[in-house]
Amino acid sequence: GGEDAIKSAIFEDGLIWGGIVDTQIRVNGNTHRQGLQAGKILEDGTPDDPSLEKYRVFKINKYWQDLPPGSKRDKLEKDYNEWPVEDGAPWIDINGDGVFTRGVDKPEIIGDETLWYVSNDMDSVRSTFTFGTLPIGLEIQTTVYGFNRANMLENSVFKKYKVINKGNYTVKDMYFGYWSDADLGDAGDDYVGCDTTLNLGYYYNGDNDDGGGSGGSYGIAPPAVGYVLLKGPTDLNKSKNNANLGITAFVLPYVWYWPPIEPYIGANEWYNFLQGLIWDSTNFIDPNTGNPTKFVLSGDPVNETGWYEGEGWPGGPSPGDRRALVSSGPFNFAPGDTQEVTIGILISRGESNIQSVGELKKDAAKLQLFYDAYKPEIPEPVIELPKFYSLTQNYPNPFNPVTTIKYTIPVASLVTLKVYDILGNEISTLANKVQEADEYSVEFNADGLASGIYIYTISAREFSRTKKMVVLR
């Protein structure tokens, strides 16, 4: 996986949106056509020069300083030192003065590796080519992050979109959607489905052998890949408690994924898709019940209930090259408003193509729990280096599923931090390397562990300490 991956799970995907400006539907975003350009929108409402070097995709890594000298380390160091806070990139106020000072304050590394870039919809040529309508005036700040963990997190990517209305229009009845063309290994034999209880849309193989294992295919027991709406948009006008919306539709655009060349028609069709309708504004019909639905294929292929591809869709299409759209709305989006949407992308593998769907759903539920509990590490203001070794009590405690353990190292030491069960069986190694004098904070994820008492112990030079923690489901 990672940089060494040879099998593809996703061909192309992206965020799209649609709403009504005055009386006109406007839709834009990224499918097989891309409607955005690099750069932010300036204070006068015009887009900045997209060719500026600072409008690249920045990448920072929590462990870049541990890398050997070379081009990879140089690129990470350059992005770290040039982190574009002035354009909206997240940062940590080390000295607490509210002003970003390079060399003192730091980029905020979310997860173990973070990518960030800013774009906008102000290129009218791109916008009209994509879906046939003019720009709205949206700036999109995108943060992509992931974790190097030996659990479902190593098979997950988080994509956070901060969308700011810098135009002059109030967009009414707006929807966000996440479109995907997964191409799970062999692109020609896929099924799709959704689980409304998990805010999940997913792809899985139509049989238990994906492409025979040749080339980039997965062979026997292929995995499933899914998209979880971890944080949906907020209806600022209708929701008294500002609750975030979940998925409100899941559809299959099928052959209409290429918008027509004729202006405006593509926007009408895609706005219908975003609302959970067929391109011509008619309803999708569940073939098993005969009832209209906004959630295509919301049955369960694992338990063989409801409307699902294959046996759950009499007369349905054969496995093939699928596209799908998860969407959420409506809400009104006034000038100056900001919305945040976070998508979790994950891949899971079971002992068969169908069991992979079951594993994916389990992991999707865990991913939501993790997302809700996770907070990026926020260091204390700059202080003197610690004078003593220490190991603090984990917090929160009891916990489910993530807790934080902090410790201090007064001099460079080989640090080993491990977790054991009550019988002394090793569960996890959280640290096992030389670390410089400093305060440290690590997370322990208890996914898959039963409720009970666990032990964590640290050793560094002559220092050794042990403490207990409690997993409570």
Side-chain angles (χ1 to χ4, degrees), residues 10-37 119-138 140 142 159 161 163 165 167 169-182 192 194 201 203 227 229 232-233 245-285 292-297 321-333 339 341 343:
I10 297 168
F11 172 63
E12 198 164 7
D13 60 16
L15 185 75
I16 68 171
W17 54 87
I20 300 173
V21 175
D22 293 329
T23 59
Q24 183 187 70
I25 292 171
R26 297 197 184 183
V27 178
N28 202 354
N30 295 313
T31 59
H32 287 301
R33 297 181 181 183
Q34 292 76 42
L36 301 179
Q37 66 177 354
S119 56
N120 66 80
D121 72 342
M122 295 290 285
D123 186 331
S124 59
V125 174
R126 288 176 180 264
S127 179
T128 53
F129 178 71
T130 305
F131 290 115
T133 58
L134 292 172
I136 295 173
L138 303 184
I140 299 93
T142 305
K159 298 181 76 171
Y161 297 91
V163 183
N165 187 350
Y169 309 107
T170 293
V171 187
K172 296 182 179 179
D173 294 328
M174 186 167 177
Y175 291 80
F176 282 123
Y178 202 86
W179 170 91
S180 57
D181 179 0
V192 296
C194 71
Y203 295 74
Y227 296 85
L229 181 64
L245 300 170
I247 65 169
T248 54
F250 176 81
V251 303
L252 279 62
Y254 280 122
V255 297
W256 306 290
Y257 71 94
W258 282 109
I261 296 299
E262 295 87 350
Y264 200 64
I265 296 176
N268 284 337
E269 294 179 352
W270 275 87
Y271 190 61
N272 285 327
F273 287 143
L274 287 166
Q275 296 176 84
L277 301 171
I278 298 176
W279 63 274
D280 61 0
S281 78
T282 59
N283 290 311
F284 287 96
I285 303 297
T293 180
K294 295 181 183 295
F295 298 98
V296 172
L297 297 166
D321 188 2
R322 298 284 195 266
R323 284 103 181 159
L325 176 70
V326 172
S327 58
S328 184
F331 58 92
N332 292 335
F333 201 29
Q339 289 278 2
V341 174
I343 302 291

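Nothing here was measured: the structure is a model prediction, and the numbers come from that model. Worth knowing before you read on, the calculation uses all heavy atoms, side chains too, and leaves out hydrogens, waters and symmetry mates.
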Ser180/Tyr203 under side chain to side chain donor-acceptor pair (under 3.5 Å): CA gap, chis, key distance, verdict: CA-CA 10 Å; Ser180 57; Tyr203 295 74; 2.6 Å; yes
Ser119 OG to Leu15 CG distance, which is reported to the nearest 0.5 Å: 9.5 Å
Ring geometry between Phe11 and His32 (parallel below 30°, tilted from 30 to 60°, perpendicular above 60°): tilted
Nearest non-hydrogen partners of Asp280 and Asn272, listed with the distance: C-ND2, 4.1 Å
Any donor-acceptor pair under 3.5 Å from Asn120 side chain to Leu36 backbone: no
Check: Thr282 side chain, Ile278 main-chain N or O, donor-acceptor pair, under 3.5 Å: no
Validation row: Trp17, Val163 side chains within 4.5 angstrom (heavy atoms): no
Stepwise side-chain contact (heavy atoms from CB on, under 4.5 Å) check, Ile16 with Phe273: CA-CA 11 Å; Ile16 68 171; Phe273 287 143; over 6 Å; no
Phe331/Phe176 aromatic ring centres below 6.0 Å: yes
Pairwise side-chain contact, Thr128 with Leu134, heavy-atom cut-off 4.5 Å (strictly under): yes
Glu12 side, atom CD; Asn30 side, atom CG - distance, nearest 0.5 Å: 8.0 Å
Smallest separation among heavy atoms of Gln37 and Arg126, with atom names: CB-NE, 4.0 Å
Donor-acceptor under 3.5 Å (Thr133 side chain, Val27 main chain): yes
Candidate list Ile247, Leu229, Val341, test side-chain contact (heavy atoms from CB on, under 4.5 Å), partner Ser328, passing option: Leu229
Reported OH-to-CD1 distance for the pair Tyr169 and Ile20, which is rounded to 0.5 angstrom: 15.5 Å
Any side-chain heavy-atom pair of Leu252 and Phe284 under 4.5 Å: no
Steps toward side-chain contact (heavy atoms from CB on, under 4.5 Å) verdict (Val326, Ile343): CA-CA 10 Å; Val326 172; Ile343 302 291; 5.9 Å; no
From Ser281 atom OG to Tyr271 atom OH, the distance as rounded to the nearest 0.5 Å: 12.5 Å
Asn165 (side chain) donor-acceptor with Phe333 (main chain) under 3.5 angstrom: yes
Backbone of Phe129 reached by a side-chain donor or acceptor of Arg33 within 3.5 Å: yes
Closest non-hydrogen atom pair, Gln275 against Ala249: C-CB, 4.1 Å
Arg26 side chain to Pro135 backbone, donor-acceptor under 3.5 Å: yes
Closest non-hydrogen atom pair between Leu277 and Lys294, with its separation: CD2-NZ, 4.3 Å
Derivation of the side-chain contact (heavy atoms from CB on, under 4.5 Å) call for Lys159 and Asp13: CA-CA 11 Å; Lys159 298 181 76 171; Asp13 60 16; 3.8 Å; yes
Asn28 side-chain N/O to Ser127 backbone N/O, donor-acceptor pair under 3.5 Å: no
Thr293 OG1 to Ile285 CD1 distance, which is reported to the nearest 0.5 Å: 9.0 Å
Point-to-point distance, once rounded to the nearest 0.5 Å, from OH of Tyr161 to CD of Gln339: 15.5 Å
Criterion side-chain contact (heavy atoms from CB on, under 4.5 Å) on Asp181 and Thr31, from CA distance to verdict: CA-CA 8 Å; Asp181 179 0; Thr31 59; over 6 Å; no
Check: Trp179 and Leu325 side chains under 4.5 Å, non-hydrogen atoms: yes
